[in-house]
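Only one structure is covered here, and it is reproduced in the block below.
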Amino acid sequence: MTYIYAQDLRKTYRSRSGEVHALAGLSLSVPQGTVKGLLGPNGAGKTTTVKVLNTLIEPDSGTASVAGIDVLADPGGVRRVIGASGQYAAVDENLTGLENLEMVGRLYHLGARRAKARAQELIEAFDLTDAGDRQVKGFSGGMRRRIDLACALVNTPPVLFLDEPTTGLDPRSRIGMWDVILGLVREGTTVLLTTQYLEEADYLADHISVVDHGVVIAEGTADELKAEVGGHRVVITLVHEADADTARAVLARHGSGEVRTHTSGRTLDVAVEEGPPSLQRVLAALEQASIPLHDAGIRRPTLDDVFLTLTGHDSGAENESELSA
Amino acid sequence: MTTTATPLQTREPAQDAPVGPLATWLSDGWTVTWRNLLKLRRNPEMLGFAVLQPIMFVLLFSQVYGGSIQIDGGDYTDYLMAGIFGQTVLFGSTFSGYQMAQDLKEGLIDRFRTLPMHTSAVLVGRTNADLVLNTISMVIMMLTGAVVGWRYTNGTLQFLAGVALLLLFSYAFSWVMALLGIMVRSPEVINNAAFMVLFPLTFISNAFVQASRLPGPLEFIANWNPVSALVQAARELFGNTGTVPPADTFPMQHPVLTVIGGSIVMLAVFVPLAVSRFRHVSSR
Ligand SMILES: Nc1ncnc2c1ncn2[C@@H]1O[C@H](COP(=O)(O)OP(=O)(O)O)[C@@H](O)[C@H]1O
Ligand SMILES: [Mg+2]
C-alpha cells in the first residue's frame, strides 16, 4: 500500500535574479513500512519536496498525500500522522532537552502529565538521560540532531520525514543516527529521508529516487541502480602525486571511459570490463613504469558512480562520502 | 528490511489533555507563552536591556535636562514620565518582531507548523509574552520615576486607566511587529527598522518636550504623530500635563479616544493578517 505519494509536483520560486524551478514535475511513491531515500546534490529540490509533503509549503501544481490524507485538502490531518525533522535541527536552544520534548508533547495535546512522561521516555531511549536537564545551547551537533529527531517522534508517528538527518555529523554520530532510524523502520515506520550521501541512501533506503533539477531522474534499489552502471572499477592510490599523469595514461589504456581523480589527487579510478584481469594488467604496466603504489584494488560501482553516469556531474558530497566509505 | 507496520496504538485522551477547539487553542497559546517566558528568564540580559534602558532614560532626562527644559505650569519630571512610558512600550513591542524573525530563522516556526496545533497560538504566545515583558518594565520604570519624584495627580483609577491604555497599545503594536517579523529575512532587519523609524517618531513628538517648542514643521508632525497621542493620553490620565494646552488637532484633543480606536483598528487589521501570513511561512 502506498503511504507517501506525490504526483507531478511543481514549484517555481521567483526572485530578482530570475526563476528557479525547485520542483519541475516530481513524482514519487513510498510503500508502507519502507524507507525511501531522496538522493541528490545541493539545490536538487529535496527539501522542497519534503516541505510540500509535511505541509510547510504548497506546490504550484501537482497532488500529494500522506497515509491516504491529501496534503493540500487536509494539512491538519496530515500533521497528526507525521513526524518531521528538518534540514537544520529545530530545537529551542534556551530550553532543556526535556522541556523541548515536553513542549512538543503538549502541542500534540497529550496533556501535561503524559507529555512529561513521554519526554522522559524519549530522553532515555535516545541516550540523553544525563543531558536531559541541560539547556540545548550546550549540546553537540549530534545531540541536537537526536533531540530534534526525538521531537519528531513524540506522537509515535507512522510516517517520518527526515531532511538530511546526518549532514554535519561526525562519522560516529552518523552511524548512531543510522541505528536509530533502522530501529524505527523495524517497528514499522514509513520513512522518507533525503541525503547527499550516497552510502547513506545505500545503507538505509529500501528504494532510492535520484533527484536533480527538481525531477526524479532514476529510481530503484541501490543494487538496481548500480547494475545500470555495470562492471567494476579499478582503483589505485599512488605514493607520489607526481606520477599521476603517467598513471592516468596507463588506466586510460586498460579501462573504458573517463579516468577519475579523487580530491586527494593521488587516488585514481576507471571503469573496466572484467575486474581481476584488468587489475593484473594495470599493475603490470605500472610496475614496468616503476610507479610505486600505496594501494590498489577493484570495487563494484558505488552510488557515486551511478550519480556521475546519470547526471554527468558528481554528487557534490564526495569529501564526506570518503570519510565513512 | 520491510517490516509490517505495528498499528499506532489507539489512545483515549489523558485526563488532563485538552479536548475541543477552545481548550486546545487555550492550551497551545499557554504552551507557547510558557516557552517564551522561560526563554526570557534564561536570558536575563534580554530582560535587563528592556528594563535598564528606560531607567537610564528616566534618570538622564530628569537629571540632565530637568533644570533646562521648562514645562508651562508643571514639573519636568512629572511631564517626562508619560513620554518615557510611551517610548518604552513602543520599543518593547519590537521585541515581538525580533523574536518571531529569530524563531523563523532557527527553524522553530517550521517545527510548530508541522504539529497539529492551532497555528495562531504561536503568535498569541509571542504577543502574550511580550505583554508580560512590557508590564514588568513599566512597573520598574514607575518605581524609578517615584524615586526621582514623579507623582500622578488624578487619582488611582485614572492612573490605572493610563497604565491599561499604554499596555493595550503595546499589545496591539506587538501584532504589527510580529507580522513584520515573519516577513523579513533576519531579526537584525527588525532592529534596524525600529531604529530608523521609531526613534525619529518618538523624538518628533511631545514625549520629551512640549510640541509647541519644536520648530514649525516638526511641531505640525508632532501634533499628528500617533506617539504624541499615546503620550498625551497617558499624561492626561496621570494628571501630568501642567498647564500646557493640547494642540488643536484631533489626536491631541481626543488622545484617549485616538489610542483606543487606533489600537482596535491595529488589532482588527493585523491579527488576521499575521495569522493568515503565518500559515505560509517557512524558513529558507
Ligand atoms: N524560499 C525560496 N526562495 C527562493 N528559492 C528557493 C527557496 N527555497 C528553495 N529555493 C531554491 O530551489 C532550489 C531547490 O532547493 P532545495 O529544495 O532546498 O534543494 P535541496 O534540498 O535539494 O538542496 C534551489 O535552487 C534553491 O535555491
Ligand atoms: Mg535541502
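Every chain is numbered from 1 and lettered A, B, ... according to where its sequence line falls, protein lines coming before strand lines.
Contacts with chain B were tallied for A/Thr55, A/Val78, A/Leu95; A/Leu95 has the most, counting heavy-atom pairs under 4.5 Å. Top candidate by heavy-atom pairs under 4.5 Å with chain B, chosen from A/Gly76, A/Gly111, A/Ala112, A/Gly77, is A/Gly111. Residue with the most contacts toward chain A among B/Ile109, B/Thr119, B/Leu115, B/Val281: B/Leu115 (heavy-atom pairs, distance under 4.5 Å). Taking chain A as the reference chain and counting heavy-atom pairs below 4.5 Å, the highest number among B/His280, B/Arg41, B/Arg113 is found for B/Arg113.
Heavy-atom proximity under 4.5 angstrom to chain B picks out A/Asp148 from residues 141-148 of chain A. Within residues 85-103 of chain B, no residue has any heavy atom under 4.5 Å from a heavy atom of chain A. Residues of residues 122-129 of chain B never come closer than 4.5 Å to chain A when only heavy atoms are counted.
Taking the charged nitrogens against the carboxylate oxygens, A/Glu99 and B/Arg42 do have a contact shorter than 4.0 Å, which makes a salt bridge.
Contact detail for A/Leu107 and B/Asp28: the closest heavy-atom pair is CD2-OD1, 3.7 Å. For the pair B/Ser282 and A/Ile57, the tightest heavy-atom approach, listed with the atom from each and the gap, is CB-CG2, 4.3 Å.
Residue-environment remark: NZ (A/Lys116) stays at or below the threshold of 12 foreign heavy atoms within 6.0 Å. Taking a 6.0 Å sphere around CH2 of B/Trp25, one finds it holds 12 or fewer heavy atoms contributed by other residues, nucleotides or ligands.
A/Asp92 places none of its side-chain heavy atoms less than 4.5 Å from the side chain of B/Arg111. For the pair A/Asn94/B/Leu38, no side-chain contact is recorded, criterion being any heavy-atom separation below 4.5 Å from C-beta on. Side-chain contact between A/Lys51 and B/Asp110: present, with at least one pair of heavy atoms (C-beta onward) separated by less than 4.5 Å. Residues B/Lys105 and A/Tyr88 have side chains not in contact (no heavy-atom distance under 4.5 Å, counting atoms from C-beta outward). Contact annotation: the side chain of A/Arg79 never approaches that of B/Met117 to less than 4.5 Å [non-hydrogen atoms, C-beta and beyond].
To the nearest 0.5 Å, atoms CG (B/Asn43) and CD (A/Gln135) are separated by 7.5 Å. Note that CE of A/Met103 and CZ of B/Phe112 are 4.0 Å apart. Values are rounded to the nearest 0.5 Å.
Using a 4.5 Å cut-off between heavy atoms, A/Gln87 makes no contact with chain B at all. Using a 4.5 Å cut-off between heavy atoms, A/Ala115 does not touch chain B at all.
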Anything under 3.5 Å between a donor and an acceptor, one on a side chain of residues 187-197 of chain B, the other on a protein residue two or more places apart or in another chain? List them.
from	atom 1	to	atom 2	distance (Å)
B/Glu188	OE1	B/Ser186	OG	3.3

CA sep, side-chain torsions, deciding dist, call: B/Trp30, A/Arg106, side-chain contact (heavy atoms from CB on, under 4.5 Å)
CA-CA 10 Å; B/Trp30 164 242; A/Arg106 288 202 208 177; 3.9 Å; yes
